[in-house]
Amino acid sequence: MEYNFFEIEKKWQSFWSSHKTFKVDIEPSKPKFYVLDMFPYPSGAGLHVGHPLGYIASDIYSRFKRLKGFNVLHPMGYDAFGLPTEQYAIQTGQPPEQTTANNIKRYREQLDKLGFSYDWEREICTCDPSYYKWTQWAFLKMFHHWYNTDSGKAEPVENLIKEFERHGNSKIKAAHHCPDLFSAEEWKSFTEKEKEDVLMCYRIAYLGETSVNWCPALGTVLANDEVKEGVSVRGGYPVVQKKMKQWQLRVSAYAERLLEGLEDLAWSDSLKEMQRNWIGKSEGAEMEFSVSNGSDTFSMTVFTTRADTIFGVTFMVLAPESDWVEKLTVPERKKQVQEYLDYVKTKTERERMTQTHRVTGVFTGSYALNPFTGNQIPFWISEYVLAGYGTGAIMAVPAHDSRDYIFAKTYDLPIVPLIEGCDVSMGSFDAKEGVMCNSGFLNGLSVQEAIPAAIEEVERRKLGHRKINYRLRDAIFSRQRYWGEPFPIYYQNEIPRPLPETSLPLKLPGLYSFKPSSNGEPPLANAKNWTYEGYPLEKSTMPGFAGSSAYYLRYMDPWNTECLVSEQANHYWQDVDLYIGGTEHATGHLIYSRFWNKFLYDLGFVCKDEPFKKLVNQGMIQGRSNFVYRIKNTNTFVSLNLKDNYETTEIHVDVNLVQNDRLDTEAFRAWNPEYKNAEFILEEGTYICGWGIEKMSKSMFNVVNPDTICAQYGADTLRMYEMFLGPLEQSKPWDTNGIDGVHRFLKKFWRLFFDNNGSNIVSNEKPDAKELKILHNLIHKVEEDIEHFSFNTTISAFMISVNKLTDLDCHKKDILEPLVVLISPYAPHIAEELWAQLGRIPSVANANFPVFDPEFTKENFYEYPVSFNGKLRFKRSMDLTLKKEEIEKLIQGDERTLKYTEGKSIKKIIVVPGKIINIVV
RNA sequence: GCUCGGGUGGUGGAAUAGGUAGACACGCAGGACUUAAAAUCCUGUGGACAGUAAUGUCCGUACGGGUUCGAUUCCCGUCCCGAGCACCA
């Protein structure tokens with residue numbers, strides 16, 4: 001019997017499916033383990049070989065943990081709401097529901113061929129009303145809560161109202177954006193609308209005016225992580241800043257907890273660093289400056305991390321979008337300021353991004369008073385100051401900040417150095433080191449001492465206070481699109497009202513047109529009766545990250561109609577032990593999910609503060625493109641190594657026509673009518689193609705579909721080969737050149753069980769020490785490698801062991817049976833078949849991981865006595881502790897050793913065969 | 001500009017509490033089996049030099065220094081590649 005992967009894989013996939021082999025339930029007697037993949041967005045293109053990389057790794061880990069006796073939750077689903085499907089609907093008129101269903105079907109077929117051990121009973125889809133009910137439910141909870149910075153958690157809005165009735169809002173410590181203070185009496189005198197407006201400033205999900213990333217081409221706003229370099233991540237359309245009223249989530253309230261929570265997570269340092277950058281904590285002080293425009297005097301606050309440089313403040317700068325612009329512009333400067341503001345408005349976000357460090361600005365005519373020097377300092381406006389960070393105004397210290405320096409040089413403003421010996425003739429001195437000068441009471445202190453000293457003085461003189469700022473902004477939560485979760489919100493006399501929870505889910509209405517309505521409103525404006533009890537419903541929908549923020553919780557209890565996840569299920573499964581996915585979600589999904597989870601934790605719906613204990617980022621699989629070389633103005637193609645003799649054009653060729661860089665010339669002729677009569681100049685009888693690494697995409701003809709590989713080599717080969725390609729976390733090109741080696745290995749593995757005639761040759765003979773040693777070395781290696789995610793080196797170990805057993809002609813059951821278990825996470829189909837051949841049914845999934853016994857692998861060095869005439873003979877590296885005279889005897893004759901250790905006493909010698917490799921003196 | 005990774009044969013990659021560099025695989029070359037092919041198996045394969053040969057010597061982990069008996073691994077500097085952030089005061 002040959003290794004017939006096609007039959008074997010078909011057989012066992014249907015067996016696993018019909019026997020529900022991988023179905024899991026709560027089993028309190030067993031320890032749980034939760035392995036999660038980042039669920040895919042089912043796009044029209046289907047899966048390519050890059051997608052399964054992470055899924056294979058997580059499947060290996062899941063199967064391994066199962067063999068180790070864990071009750072493993074390993075689910076899969078689809079992140080189905082999103083822009084591409086909607087764009088497709090606009091172009092073709094095909095409803096997104098339909099497109100999504102088709103794409104999911106295709107994804108499922110492709111996934112099924114790879115032999116994953118998912119519990120498909122728990123499959124979820126974010127666009128399913130029974131799922132998005134809980135997305136809407138969470139939104140309502142956020143609407144009904146506010147963040148108490150005193151208790152450090154979310155609390156019901158009812159508490160807040162009681163507090164307002166007692167003391168107004170002056171005592172309460174909350175994350176909010178309420179501009180005014182009011183007393184209890186004032187609160188009581190507010191109209192209902194006024195009260196709602198105030199509460200909106202405290203809710204965790206709130207409707208608020210804000211500057212947003214507006215993408216005109218997509219007709220929607222986008223979150224910060226959906227915009228890169230001034231264009232949309234999806235589609236690459238320009239994005240502009242616009243003030244709009246949008247639903248937002250008060251993620252910023254959780255900034256400190258999101259930062260602290262990173263500490264104990266087993267995530268890569270680079271990923272944690274990305275999140276820290278995104279949260280952007282900076283400690284400093286807010287300082288008050290008295291500002292006069294000639295007629296009025298105001299108190300203005302700025303934020304700085306360098307309070308120590310206060311004596312070097314020679315001007316102030318305001319962001320062009322700041323509300324203070326009007327107040328500080330004196331009448332005689334109005335014209336120039338307006339011209340400048342007009343100029344700034346003409347620039348798109350992209351231009352402002354790409355033209356950084358361009359120095360522009362205008363003087364307002366107002367002056368501030370430096371509270372320490374008493375100097376009058378001019379107040380300018382410049383686009384290099386951002387409205388959204390700090391207070392939208394800065395104190396400029398040109399000597400010690402490079403941006404301020406360039407600005408000062410351009411507009412001829414004074415530069416006062418504050419650090420002894422620093423040279424500011426050519427540039428600013430930004431480093432936080434040196435000794436202060438020109439700084440009054442700070443003179444003589446080091447910068448490190450001066451910073452806290454300055455803040456203390458500022459606080460003592462009541463000119464300001466310590467302050468921590470975060471770059472993390474609240475998440476904009478509305479999208480002017482159709483294909484997303486509807487908001488459970490209606491408007492009663494302009495006041496946003498929540499739907500009762502009992503009316504969830506609020507289902508999307510079916511539409512005929514998915515374009516924005518003619519008056520620029522979102523597509524839902526086209527829906528008939530988009531109302532609740534006669535009141536209009538919110539027409540925006542939620543963004544893509546809404547549905548993916550808590551999906552890992554839903555997997556724990558996907559059938560529950562009463563709650564997101566039952567307390568019982570949540571307490572059993574707790575959190576995700578291992579999360580595998582791409583690094584592209586570092587500042588999007590992984591921040592929102594952590595926020596969402598922390599919010600639900602505050603409300604007591606989940607038992608863990610952090611959702612993902614360990615996270616592994618798989619690398620991207622790039623495409624390996626192949627090229628042919630056409631001689632200019634001919635239809636003749638020349639092989640790679642001969643091309644330099646001609647003038648040629650490089651042309652992409654479909655990688656499916658190429659094997660091991662050799663072109664199938666007949667297939668090439670058939671590929672495209674243009675090449676029907678192509679001629680070839682061969683080298684050594686074949687046409688060799690050139691190659692290059694590019695992104696895997698249709699236009700480069702380098703997309704490799706896993707189905708093709710499965711048909712040719714089988715899923716087990718594909719799984720092993722993807723792992724063999726290199727370290728999981730590393731990005732690497734897809735390259736089929738080595739796949740034969742893995743396939744050959746599986747055939748060789750098969751032949752341990754069957755001879756050439758297909759007879760089962762497994763024997764019951766007892767294994768000897770040599771064979772046991774091979775086995776136990778492998779057990780040890782597999783165990784260690786899987787725990788460390790070194791899947792590529794395990795495969796080498798398998799190959800070595802199988803080669804050794806083949807050489808020994810070992811077909812003993814006691815060796816082969818554990819070997820099947822060891823390989824089953826990697827190549828489950830062949831393992832399952834051989835498991836059955838050994839008479840061990842029903843499933844290898846119920847087996848136990850073989851126990852490693854170090855006794856079998858131990859080297860007893862007394863068996864290899866020291867026979868020393870210039871060389872030491874030992875089998876493997878080991879530590880020896882010998883008596884002094886023995887050591888002296890050993891090193892006699894080894895000149896090198898003698899030289900190294902002259903005059904020193906040796907404590908220990910480490911040896912390998914034939915050589916001393918370590919001498920501890 | 002800042003932060004974090006990373007530079008090892010023709011190729012993918014092994015090996016770092018410092019200790020036989022190049023495991024394993026691909027490719028290539030030679031051989032066996034075969035009428036032939038496929039499949040399978042065996043041998044060789046970092047470079048240079050010497051030798052009929054077994055073998056030996058030297059050079060080799062981006063580059064230049066340092067620590068050490070010993071450095072791919074640790075330290076300092078330089079160059080290159082990748083990722084992320086980017087006027088965050």
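So you know, we letter chains A, B, ... as the sequences are listed, proteins then strands, and number each from 1.
OP1 or OP2 of B:A14 sits under 4.0 Å from a side-chain N or O of A:N792. Residue A:K747 places none of its side-chain N or O atoms closer than 4.0 Å to OP1 or OP2 of B:A39. Taking 4.0 angstrom as the limit, A:S282 places a side-chain polar atom (N or O) nearer than this to OP1 or OP2 of B:A89. For A:R751 and B:C41, the shortest distance from a side-chain N or O to OP1 or OP2 is below 4.0 Å. Contact annotation: A:R744 reaches the phosphate of B:C26 (side-chain N/O to OP1 or OP2, under 4.0 Å). For the OP1/OP2 pair of B:A89 and a distance below 4.0 Å, the side-chain nitrogens and oxygens of A:Y384 include no atom meeting the criterion. Here A:N737 does not reach the OP1 or OP2 of B:G13: none of its side-chain N or O atoms lies under 4.0 Å away. The phosphate of B:C85 has neither OP1 nor OP2 within less than 4.0 Å of any side-chain N or O from A:Q275.
Separation of the C1' atoms belonging to B:A25 and B:U35 is 34 Å when rounded to the nearest angstrom. As rounded to the nearest Å, B:C24 and B:G77 have C1' atoms that lie 36 Å from one another. As rounded to the nearest Å, B:C75 and B:C87 have C1' atoms that lie 35 Å from one another. B:U40 sits 9 Å from B:C33 when the C1' atoms are compared, rounded to a whole Å. Here the separation of B:G12 from B:G22, taken at their C1' atoms, is 13 Å to the nearest Å. The gap from the C1' atom of B:A86 to that of B:A21 amounts to 41 Å, rounded to the nearest Å. Comparing the C1' positions of B:U8 and B:U72 gives an interatomic distance of 7 Å, to the nearest angstrom. When the P atom is compared between B:G10 and B:G6, the two are found 23 Å apart, to the nearest whole Å.
Closest to the side chain of A:D740, out of B:A89, B:G27, B:A25, is B:G27. The side chain of A:M274 sits closest to B:G84 out of B:C85, B:G84, B:A89. Taking the side chain of A:T793 as heavy atoms from C-beta on, and the options B:G13, B:A14, B:A86, the nearest nucleotide is B:A14. Of the listed nucleotides (B:A89, B:C87, B:C85), B:C87 has the atom at the smallest distance from the side chain of A:E383. Comparing B:A89, B:C24, B:C42 by their closest approach to the side chain of A:D807 singles out B:C42.
The heavy-atom pair separating A:Y340 from A:G361 by the smallest distance is CE1-N, 3.5 Å.
Between A:W734 atom CH2 and B:G13 atom C1' the separation is 16 Å, expressed in whole Å. To the nearest angstrom, P of B:U40 lies 18 Å from CZ of A:F754. Here B:A89 presents its P atom at 10 Å from CG of A:L386, a figure rounded to the nearest Å. Between the CG atom of A:D755 and the P atom of B:C41 there is a distance of 15 Å, given to the nearest Å. Computed from coordinates, the A:H743 NE2 to B:A39 C1' distance equals 11 Å when rounded to whole Å. We find that NZ of A:K781 is positioned 13 Å from P of B:C24, with the value rounded to whole Å. Whole-Å rounding puts the A:W278 CH2 to B:A83 P distance at 18 Å. In this structure, the CG atom of A:L472 is 14 Å from the P atom of B:C85, given to the nearest Å.
Rounded to the nearest 0.5 angstrom, A:R466 CZ and A:E286 CD are separated by 13.0 Å.
Checking B:U40 for Watson-Crick or G-U wobble geometry (two distances, each under 3.5 Å) identifies B:A32 as its partner. With both pairing distances under 3.5 Å, B:U3 is matched to B:A83 as a Watson-Crick or G-U wobble pair. Pairing for B:U68 is absent, with no Watson-Crick or G-U wobble pair whose two atom distances lie under 3.5 Å. Under the Watson-Crick and G-U wobble criteria, each requiring two contacts below 3.5 Å, nucleotide B:G22 is left unpaired. The partner of B:U55 is B:A50, by the rule that a Watson-Crick or G-U pair needs both atom distances under 3.5 Å. Base pairing annotation: B:U61 forms no Watson-Crick or G-U wobble pair, as no partner gives both donor-acceptor distances under 3.5 Å. With a cut-off of 3.5 Å on both pairing distances, B:U73 has no Watson-Crick or G-U wobble partner at all. Pair check for B:A89 finds none; no Watson-Crick or G-U wobble contact set falls under 3.5 Å.
Nearest-nucleotide mapping onto RNA chain B: of A:A393 and A:D269, the residue sitting toward the 5' end is A:D269. The nearest heavy atom of RNA chain B to A:S270 and to A:T583 marks one nucleotide each, and the one closer to the 5' end goes with A:S270.
Among the heavy atoms of the strands, none lies under 4.0 Å from A:D785. Counting any heavy atom pair closer than 4.0 Å across all strands shown, A:P727 reaches sugar-phosphate atoms only and no base atom. Residue contacts shown for A:K748 are limited to sugar-phosphate atoms, with no base heavy atom under 4.0 Å away. Across all strands, A:R276 comes closer than 4.0 Å to no nucleic acid atom at all (heavy-atom distances). At the heavy-atom level, A:F724 lies under 4.0 Å from base atoms of the strands shown. Among the heavy atoms of the strands, none lies under 4.0 Å from A:D404.
With its glycosidic angle within 90° of 0, B:G9 adopts the syn conformation.
Relative to the six-membered ring of A:W267, A:R594 meets both conditions, a distance below 6.0 Å and an angle of at most 45° to the axis.
Between the A:N617 side chain and the A:G581 main chain, a donor and an acceptor come within less than 3.5 Å of each other.
Between A:W380 and A:Y411, the two ring planes are tilted [angle within 30° to 60°]. Ring geometry for A:F753 against A:F749 counts as perpendicular: the plane angle is over 60°, on a 0 to 90° scale with 30° as the lower cut. The aromatic rings of A:Y826 and A:F791 sit perpendicular, their planes meeting at an angle over 60°, well past the 30° parallel limit.
Under the 4.0 Å criterion applied to side-chain N and carboxylate O atoms, A:K781 and A:E784 are not assigned as salt-bridge partners.
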Check: After noting the C-alpha distance and the side-chain angles of A:E283 and A:K467, does the key distance pass the salt bridge (charged side-chain N to carboxylate O under 4.0 Å, His left out) rule?
Finding: CA-CA 6 Å; A:E283 297 180 54; A:K467 168 86 182 179; over 6 Å; no
